[in-house]
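Below is one structure, written out as structure tokens; the observations come after it.
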Amino acid sequence: GINAEYGKQWYQRRVRASTSGEKGNVVVCSSWNKWQIISLSDALQIIPPFFLAGFGTLGAGLLLDEVQHWKVFTTITELFVLVPALLGLKGNLAMTLASRLSTEAHRGISSPSTVVAGYLALDQAQALIVGIMASFIAVLTGLANGTNLSNILVLTATGVITASLVSIVLGGLMCVIVLVSSHYKFNPDNIATPIAASLGDSITLAILSLTSHTLFVIPDKDAQITLCSTIIVIFLAIIIPLLLFSWRNQYARPAVLQGWGPILLAMLISSGVGVIMSKVSEKFPTIIAFLPIINGIGGNLAAIQASRLSTHFNLTGETDFGELKTSLFLLLLMYPGHAVFLGVKQLVDPKRLGAAFYIAFFTTATAQVTILLGMAYLLIMVSPHIRNLDPDLYSIPLLTAMGRFS
């Protein structure tokens with residue numbers, strides 16, 4: 001099993017070392033000066049993945065700006081309803097998986113293959129269920145708009161294929177990152193969630209766009225309907241076996257019981273964002289590329305904070321208010337981050353935007369990140385009072401979904 005006592009002691013040594021310069025079984029950097037907000041070692045672990053995540057989100061924005069003009073998106077406009085829900089998979093599943101694995105790593109993993117297998121199977125089952133439900137909401141929107149059967153099946157098949165492939169790619173990557181980080185004595189809480197964020201948006205949007213286009217351009221409508229129907233049935237059929245496998249895994253079983261409410265609620269919030277996005281794409285196509293940037297960055301910063309707080313809570317049973325300095329650091333990091341991302345965005349794809357846009361952008365971003373960081377603490381604090389829910393399972397999905405809703 002998991003050597004919980006050893007993991008707790010190791011985590012406490014890490015915290016002492018990172019804040020006091022103590023030599024230990026961790027990578028240690030001395031204090032910057034008496035005015036430091038967080039340790040240099042933590043800053044060096046947070047900043048590079050944060051900017052990597054930001055450029056990934058920027059890439060997703062540029063890609064969305066391009067694919068919104070594809071025929072499949074202009075014909076099946078309900079795909080815009082799918083976009084936020086499936087982009088939310090990185091927060092609902094990949095970043096949540098990273099947070100759970102980070103907690104297990106801090107505790108000390110005695111059987112990595114068993115832990116990884118159980119969580120990956122559950123991650124795939126949850127991804128398929130989220131994909132199907134998000135597709136169902138998009139289909140309802142399509143029916144209201146008079147979408148025909150073949151387009152509805154393309155929409156649904158796109159949802160489940162994208163959800164499955166994203167789960168496989170990001171889930172596998174998270175397992176590798178957490179295991180490697182633990183091996184080299186880095187804190188996976190600082191690294192895994194930002195990297196999931198950096199790749200999640202771009203990978204998800206690329207898979208969704210290519211899948212929908214491939215299915216949409218099939219010339220024979222009967223063949224298109226048959227193929228899409230077969231895909232949907234196959235993915236539906238494997239959900240139960242995946243859940244049973246996860247249930248038999250001692251590490252994943254608690255997540256099988258507790259992890260559904262936050263994921264489904266986050267999916268509903270993201271789908272609501274999708275309905276809004278489908279309207280925005282029609283009326284304000286110029287700003288569509290900026291939505292993933294402001295929505296994603298805030299959620300990424302809050303996810304780092306939530307992952308660190310969740311690990312501390314699971315190992316000590318307490319909310320770590322010493323992390324308030326980390327919150328301040330993350331809030332301040334948002335300003336140069338957005339400045340860089342917006343600057344690169346304008347270099348790559350120039351838009352004529354006035355000062356009022358940038359004032360509104362940074363004002364919104366400040367309010368968004370401040371609220372999300374505060375929510376991270378609130379969610380951890382209430383966890384003992386809500387059926388002892390594991391904050392690893394619900395904090396990140398809700399935070400990233402609220403980040404998109406802003």
Side-chain angles (χ1 to χ4, degrees), residues 11 14-15 18-19 36-39 41-54 57 88 90-92 94-103 105-106 174 178 181 186-198 200 262 266 294-316 318-338 365-383 389-406:
Y11 175 76
R14 177 193 295 279
V15 171
S18 66
T19 56
Q36 73 177 55
I37 297 177
I38 64 171
S39 69
S41 60
D42 273 346
L44 292 177
Q45 292 176 42
I46 290 173
I47 293 174
F50 165 74
F51 276 97
L52 180 62
T57 303
K90 75 170 187 185
N92 287 354
M95 295 165 78
T96 302
L97 174 63
S99 183
R100 290 200 300 256
L101 290 174
S102 295
T103 297
H106 284 301
M174 289 305 96
V178 170
S181 298
F186 291 115
N187 186 349
D189 285 315
N190 293 336
I191 300 171
T193 50
I195 291 181
S198 69
I294 193 169
N295 292 346
I297 298 304
N300 296 348
L301 292 171
I304 296 172
Q305 184 69 88
S307 184
R308 292 167 63 96
L309 289 170
S310 297
T311 293
H312 186 276
F313 180 86
N314 279 320
L315 292 174
T316 67
E318 300 174 351
T319 302
D320 183 11
F321 288 100
E323 282 286 312
L324 287 171
K325 288 186 175 181
T326 304
S327 299
L328 177 59
F329 173 77
L330 294 172
L331 177 62
L332 295 176
L333 183 60
M334 178 266 297
Y335 294 105
H338 272 314
T366 301
Q368 175 208 43
V369 174
T370 302
I371 292 170
L372 291 178
L373 291 174
M375 284 182 62
Y377 281 91
L378 180 62
L379 290 172
I380 304 302
M381 290 171 62
V382 302
S383 59
L389 289 177
D390 183 350
D392 274 329
L393 300 178
Y394 71 85
S395 57
I396 292 179
L398 294 179
L399 288 170
T400 53
M402 291 304 297
R404 295 189 184 282
F405 188 73
S406 62

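We number each residue from 1, following the sequence as shown.
- Using a 4.5 Å heavy-atom cutoff, the side chains of I46 and I304 are in contact.
- When atom types are taken as modelled, the side chain of Q305 and the backbone of A376 share no donor-acceptor pair closer than 3.5 angstrom.
- For the residue pair I380 and S310, the shortest heavy atom distance occurs at CD1-OG, 3.5 Å.
- Considering only heavy atoms from C-beta on, L333 comes within 4.5 Å of F329 through its side chain.
- Side-chain contact between Q368 and I297 is absent, with no heavy atoms from C-beta onward closer than 4.5 Å.
- Under the 4.5 Å side-chain criterion, counting only non-hydrogen atoms from C-beta, Y377 is in contact with S327.
- The closest side-chain heavy-atom distance from L330 to F50 is not below 4.5 Å.
- Between L373 and L331, some side-chain heavy-atom pair lies under the 4.5 Å cut-off.
- Expressed to the nearest 0.5 Å, how far CG of L301 lies from OG1 of T326 amounts to 12.0 Å.
- Interatomic distance, Q45 CD to D42 CG, rounded to the nearest 0.5 Å: 6.0 Å.
- The side chain to side chain donor-acceptor pair (under 3.5 Å) check on T366 picks up Y335, with sequence neighbours excluded.
- For L328, the side-chain contact (heavy atoms from CB on, under 4.5 Å) test picks out I37, L332, with sequence neighbours left out.
- Between L399 and A306, the closest heavy-atom pair is CD1-CB, 3.6 Å.
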